[in-house]
Amino acid sequence: MLDKTYRPGEVEQKRYAEWEDDGAFAIGRRGNAQPYTIVIPPPNVTGSLHIGHALNNTLQDVLIRYERMRGRDALWQPGTDHAGIATQMVVERNLEKEGKTRHDLGREAFVERTWQQKEESVGTITGQLRRLGASCDWSRERFTMDEGLSKAVRKVFVDLYKQGLIYRDKRLVNWDSKLHTAISDLEVEQRDEKGHMWHIKYPVEDTENTYIVVATTRPETMLGDTGVAVHPDDDRYKHLVGKHAVLPLVGRRMPIVADSHVDPEQGSGALKVTPAHDFNDFDIGKRHDLDVVNVLDANACVNENAPDAYVGLDRFEARKRVIADLEAQGLLEKIDEITHTVPYGDRSGVPVEPWLTDQWFADAATLAKPAIEVVEDGRIQFVPKQWENTYFEWMRNIQPWCISRQLWWGHRIPAWFGPDGEIFVEMTEEEAYRAARSHYGREDVDLRREDDVLDTWFSSALWPFSTLGWPDKTPELERYYPTDVLVTGFDIIFFWVARMIMMGMHFMEEVPFHTVYVHALVRDAKGQKMSKSKGNIVDPMDLIETYGADPLRFTLTAMAAQGRDIKLSESRIEGYRNFGTKLWNAARLCEMNECRTPTGFDPSTIEHTLNRWIVGSVAHAERAVRDAIETYRFNEAANAVYHFAWHTFCDWYLEFAKPLLHGDDTVARDETRAVAGWVLDQILILLHPVMPFITEELWGQSNPNRDGQLVTHGWPDYPDLTAFEPAAREIGWVIDLVSEIRSVRTEMNVPAGAKIPLALIATPDEKRRYVEDNWNLIAPVARLTAVSTAAEAQAGSVQIVLEDATVALPLADVIDIDQERDRLAKEIDKVTQDIARIDGKLSNENFVSKAPEHVVETQRERREEAAQAKAKLIDALARLSAA
RNA sequence: GGGCGCAUAGCUCAGUUGGUUAGAGCGCCGUCUUGACAUGGCGGAGGUCCGUGGUUCAAAUCCACGUGCGCCCACCA
């Protein structure tokens with residue numbers, strides 16, 4: 001017996017465990033079925049899931065559950081990401097609360113502690129995914145720092161190094177002075193800020209009062225200036241090229257050089273060159289062989305390469321001091337207020353510093369080539385397609401990827417340094433020593449392992465094959481790679497998607513997936529990006545607590561239209577929770593009327609018109625849902641099943657079915673029981689990918705004779721039902737009739753409970769039969785007493801024209817003749833306009849000759865119908881006036 | 001500086017390759033506690049589809065320009 005009320009929380013608690021106990025999500029249950037694979041975008045082990053994860057995983061689950069029901073051997077590969085910087089920061093923040101830093105613990109203990117954090121977080125995350133209903137094969141759960149995946153990382157690093165695609169280089173990198181690590185270009189966020197442009201006078205050597213004025217937003221870096229550059233064609237400065245300037249405050253003698261990079265329009269037209277602290281200046285310096293003077297340390301404080309007065313000052317302190325000193329010496333020409341972009345570390349939130357260090361780089365340009373090709377030739381397709389442009393844009397201009405990080409949490413780079421700096425890159429320490437001994441030709445060598453770890457995205461890039469066992473040749477790798485679709489947000493197309501494609505092509509020589517489905521960002525109800533600092537985070541677990549996982553899933557699916565951000569509002573979730581209630585109650589109605597699918601039920605043998613109609617409608621709904629899911633139009637799939645379940649099945653079919661279920665005709669009753677039960681089953685099936693819990697619950701409760709759970713039940717494949725089309729026409733007309741009667745009743749203020757008779761006035765035999773055959777269905781829902789036939793409507797009747805039929809409701813007591821006359825006049829007016837519009841088209845020579853035949857034909861039919869209706873309405877109006 | 005997206009009902013949004021009368025959720029008005037469901041039923045109001053121009057037999061849909069938002073990329077001191 002179903003409970004009287006639908007309580008999502010209670011329903012959902014028990015269902016998931018049963019699925020897991022049954023091994024419903026495990027791979028390999030279906031012998032030689034075609035595999036279908038999705039690898040989860042591994043959540044960071046920094047804490048818990050946010051609403052974006054809820055969307056991301058709901059969509060994946062919709063696909064996986066759908067394909068599983070379609071009979072595929074579905075693998076949803078779960079796991080988590082160690083998330084180097086992010087996780088290290090979380091642990092450091094926790095340490096800070098205890099008044100400690102990671103240095104108090106030391107590397108080993110710190111890493112140990114981070115593993116604990118990881119364990120806790122994984123527990124939380126996997127619990128949340130289960131609560132959401134995610135049907136992952138948990139037996140295959142992986143973590144990017146598992147032994148197997150770490151082996152894959154080392155193998156990739158070693159191979160790429162030996163192929164010359166990874167190298168060590170001393171160059172400027174984005175340095176995060178708070179986190180004390182290099183970060184990649186992608187981790188730098190440009191922010192627009194108000195600032196100042198300082199114009200500084202640099203004295204020209206061997207002159208009296210001749211200055212070259214440079215403009216800068218970062219005056220403190222002048223301490224590291226080693227040149228001044230001007231444009232070669234700039235007449236203002238031509239005479240100074242080749243001379244030297246003297247760096248104020250420092251006294252360094254610096255060449256004035258001509259370089260076409262300089263924009264004469266910008267600033268003063270003369271550029272101070274600081275090769276150690278600016279990417280452009282670094283290049284200019286190289287071209288003109290300028291010295292590189294690094295004046296900042298890892299904390300972005302001035303180092304001993306600067307004059308003593310500034311050493312130890314933080315960069316912003318140093319800026320103030322430099323300005324003050326220049327001012328005092330009269331070398332500050334002017335200060336402009338400007339808006340400019342400042343690079344910030346996306347994690348630390350402090351300005352990043354271009355800083356000269358030794359780092360490891362991957363030759364991304366080489367790796368990108370095949371990765372570009374596979375998208376160009378369609379072996380990988382983005383949905384929506386527009387994202388391919390974004391992908392190409394970035395990939396075609398890709399820069400070397402700085403893959404080393406000065407962190408403790410992550411994959412330690414498998415490189416060892418000999419005493420002379422010789423580098424040995426090997427899978428293991430043992431092999432490194434072997435290589436070193438052979439290199440040096442002696443036994444007693446001391447190697448020091450690289451301290452740096454790899455960018456977290458380095459291991460994520462291997463995820464589609466490392467989780468399947470690579471570099472070992474496992475059966476899973478053979479069977480489930482390439483995977484089918486990757487579902488992700490656009491914010492990590494560069495970070496992750498691009499790199500998976502690069503690594504997949506390089507190491508597997510095969511695409512990692514054939515489709516990339518890019519979904520939107522979830523924003524709050526006001527459209528703001530959710531963030532901790534804004535405090536507008538919506539915790540999906542709170543929403544699940546309040547409304548249930550199914551309603552949340554349905555909402556996210558229904559809102560996952562392609563190409564727009566999602567503004568999540570609770571009223572929407574509530575609305576879809578109500579949909580669950582509706583379905584629940586429909587199932588209760590079926591239960592109390594003993595509606596169950598009989599064994600061996602064949603929908604094509606159904607005879608009753610109402611039942612033939614709903615069976616045909618099911619087939620249409622199934623088609624709509626299937627098409628929508630297979631083309632990733634998730635919102636359409638959700639809406640199709642919503643509309644069918646509520647507005648077709650509940651609103652019309654079940655209401656019409658009641659008299660049959662309660663009637664004396666046992667043949668019709670039994671057939672209706674069977675069909676109602678069967679249609680409910682179909683709804684549960686179609687809805688299961690989106691709302692797995694309630695559908696499984698109703699599946700189990702609505703029929704005690706099930707063999708197995710809905711989760712692993714097959715997706716339907718209906719027989720040809722074209723013979724049911726006449727039933728669709730008939731019931732369609734009946735529905736229109738009832739709607740019209742209801743509408744008129746309300747308009748004429750007929751009390752809702754009052755029953756009235758119906759008269760068929762000028763009604764062709766077919767429509768007359770429709771009414772008579774379905775009278776027992778029509779009468780209760782339209783609140784009618786009896787049907788009669790009359791040559792003309794009796795006085796005080798309201799007349800309704802439906803296609804070629806006219807029916808009348810005798811409302812002598814209540815009708816307002818004038819009001820009815822107005823109503824008919826309005827109808828006539830409307831249909832006259834229709835006719836005029838259609839005539840406009842049909843009389844257009846071009847329309848008739850150029851439009852497709854079926855379009856023209858439709859217009860002709862519609863013209864015919866409208867003309868008939870108009871004649872009937874005019875007739876009705878005449879009768880009304882006569883009476 | 002380049003590139004992309006969005007503008008449709010009071011609010012939040014759908015609307016596949018152009019083709020009858022543009023839909024949903026919430027809200028609003030009226031009405032009904034009939035034996036699935038008031039988390040409901042029934043009926044209803046509400047839209048110059050941002051603007052201008054163009055292509056077409058036909059435009060919310062395609063094109064151009066404009067306006068207003070939003071995002072991504074970029075080395076402009």
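The chains referred to below are lettered A, B, ... by the order of the sequence lines, with proteins before strands, and numbering in each begins at 1. Please read all numbers here as calculations on a predicted model, not as lab measurements. Quick note: numbers below take in every heavy atom, side chains included, and nothing from hydrogens, waters or symmetry partners.
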Would you find a donor on one side and an acceptor on the other, under 3.5 Å apart, between the side chain of A:Glu655 and the backbone of A:Val781? no
Phosphate-side-chain proximity, A:Lys755 and B:U34, N/O vs OP1/OP2 below 4.0 Å: no
Could you tell me the separation between the CD1 atom of A:Ile493 and the C1' atom of B:G3, rounded to a whole number of Å? 13 Å
How far, in whole Å, is B:A58 from B:A22 if one measures between their C1' atoms? 16 Å
Output yes when a side-chain donor or acceptor of A:Glu803 lies under 3.5 Å from a complementary backbone atom of A:Glu865, and no otherwise. no
Taking any strand in view, what nucleotide pairs with B:U31 in a Watson-Crick or G-U wobble way, both distances under 3.5 Å? B:G41
Quick one: label A:Arg396 by what it contacts on the DNA or RNA (base, sugar-phosphate, nothing), any heavy atom closer than 4.0 Å. nothing
Run the numbers on A:Arg577 and A:Asp550 for salt bridge (charged side-chain N to carboxylate O under 4.0 Å, His left out), then give the verdict. CA-CA 8 Å; A:Arg577 191 271 322 275; A:Asp550 279 337; over 6 Å; no
Can you check the distance between B:A36 and B:U21, where both ends of the measurement are the C1' atom (answer in whole Å)? 33 Å
Does the ring center of A:Phe554 lie less than 6.0 Å from the ring center of A:Tyr547? no
Which one, B:U20, B:G15, B:C73, comes nearest to the side chain of A:Asn635? B:G15
Nucleotide nearest A:Thr341 when distance is taken to its side chain, options B:A74, B:C75, B:U39: B:A74
Students often mix this up, so state it plainly: with edges at 30° and 60°, are the rings of A:Phe579 and A:Tyr642 parallel, tilted or perpendicular? tilted
Okay, side chain of A:Gln859, backbone of A:Val856: is any donor-acceptor separation there less than 3.5 Å? no
Which part of the nucleic acid, if any, lies within reach of A:Thr581 when heavy atoms closer than 4.0 Å are counted: base, sugar-phosphate only, or nothing? base
Rounded to whole Å, how long is the line connecting atom CH2 of A:Trp394 with atom C1' of B:C4? 17 Å
Counting Watson-Crick and G-U wobble pairs only, both distances under 3.5 Å, name the nucleotide matched with B:U48, or none. none
Interface polar pairs with nucleotides 24-33 of chain B, N/O, under 3.5 angstrom:
| unit_1 | atom_1 | unit_2 | atom_2 | d |
| --- | --- | --- | --- | --- |
| B:G25 | OP1 | A:Tyr642 | OH | 3.4 |

Under a 3.5 Å limit on both distances, the Watson-Crick or wobble mate of B:A24 is B:U12
Could I get a table of every N or O pair under 3.5 Å where one atom is in the protein and the other is in nucleotides 55-60 of chain B?
| unit_1 | atom_1 | unit_2 | atom_2 | d |
| --- | --- | --- | --- | --- |
| B:C57 | OP1 | A:Lys850 | NZ | 2.1 |
| B:C57 | O2' | A:Asn844 | ND2 | 3.0 |

Aromatic A:Trp355 / basic A:Arg171 pairing, under 6.0 angstrom, 45° off normal: no
Take atom P in B:A7 and the same atom in B:C50, then report the distance between them in whole Å. 7 Å
Look at all strands and tell whether A:Cys650 reaches a base, only sugar-phosphate, or nothing, counting heavy atoms closer than 4.0 Å. base
Donor/acceptor link under 3.5 angstrom from A:Arg862 side chain onto base of B:U20: yes
What integer distance in Å separates A:Glu861:CD from B:G19:C1'? 14 Å
Round to the nearest Å and state the distance from A:Asp829 atom CG to B:U21 atom P. 16 Å
Can a donor-acceptor pair be found, under 3.5 Å and without considering hydrogens, that links the side chain of A:Asn397 to the backbone of A:Glu393? yes
Taking the C1' atom in each of B:C69 and B:C29, what is the distance between them to the nearest angstrom? 33 Å
What contact category does A:His261 fall into here, base, sugar-phosphate, or nothing, at under 4.0 angstrom with non-hydrogen atoms? base
Separation of B:G5 P from A:Gln386 CD (nearest whole Å): 6 Å
Taking any strand in view, what nucleotide pairs with B:G70 in a Watson-Crick or G-U wobble way, both distances under 3.5 Å? B:C4
Comparing A:Phe579 with A:Glu747, nearest RNA chain B nucleotide closer to 5' gives the residue A:Phe579
With a 4.0 Å cut-off on heavy atoms, is A:Lys4 in touch with a base, just the backbone sugar-phosphate, or nothing at all? sugar-phosphate
Spacing between A:Arg7 atom CZ and B:C37 atom P, to the nearest angstrom: 14 Å
Tell me if a side-chain donor or acceptor on A:Arg319 pairs with a main-chain N or O of A:Arg218 at a distance below 3.5 Å. no
Could you tell me how the ring of A:Tyr391 sits relative to the ring of A:Phe382: parallel (under 30°), tilted (30 to 60°) or perpendicular (over 60°)? tilted
Take atom CG of A:Leu589 and atom P of B:G41, then tell me their distance rounded to the nearest Å. 14 Å
Mind checking whether A:Phe649 and A:Tyr653 have parallel, tilted or perpendicular rings, split at 30° and 60°? parallel
Please report the distance separating the C1' of B:G40 from the corresponding atom of B:U34, rounded so that it comes out in whole Å. 13 Å
side-chain hydrogen bond (donor to acceptor under 3.5 Å, both in side chains) with A:Thr274: which of A:Asp225, A:Asn280, A:Thr226? A:Asp225
Let's see if you can work this out: which of B:C42, B:C37, B:U20 has an atom nearest to the side-chain heavy atoms of A:Asp651? B:C42
Step by step, would you call A:Arg287 with A:Asp283 a salt bridge (charged side-chain N to carboxylate O under 4.0 Å, His left out)? CA-CA 6 Å; A:Arg287 287 198 284 273; A:Asp283 293 338; 5.3 Å; no
Closer to the 5' end of RNA chain B via nearest nucleotide, is it A:Trp387 or A:Glu636? A:Trp387
Counting the atoms with a prime plus P, OP1 and OP2 as sugar-phosphate, which does A:Val262 contact under 4.0 Å by heavy atoms, base, sugar-phosphate, or nothing? base
What's the gap between B:U61 and B:C73 when it is taken at their C1' atoms, as a whole Å value? 30 Å
Roughly how many Å apart are B:G51 and B:U67, using the C1' atom of each and rounding to a whole number? 7 Å
So what's B:G53 paired with, Watson-Crick or G-U wobble, going by both distances under 3.5 Å? B:C63
Looking only at side-chain atoms of A:Val855, point me to the closest of B:C75, B:G19, B:A36. B:G19
Nucleotide nearest A:Ser743 when distance is taken to its side chain, options B:A77, B:C73, B:G44: B:G44
If you compare every side-chain N and O of A:Trp646 against the phosphate oxygens of B:G41 (OP1, OP2), does one of them come in below 4.0 Å? yes
Would you mind classifying the nucleic acid contact of A:Asp491 as base, sugar-phosphate or nothing, using non-hydrogen atoms under 4.0 angstrom? nothing
When the distance from CG of A:Asn174 to P of B:C73 is rounded to whole Å, what number comes out? 13 Å
When rounded to the nearest Å, what value does the distance between C1' atoms of B:U31 and B:G23 take? 25 Å
Of the candidate nucleotides B:G15, B:C37, B:A36, which contains the atom at the shortest distance from the side chain of A:Ala586? B:A36
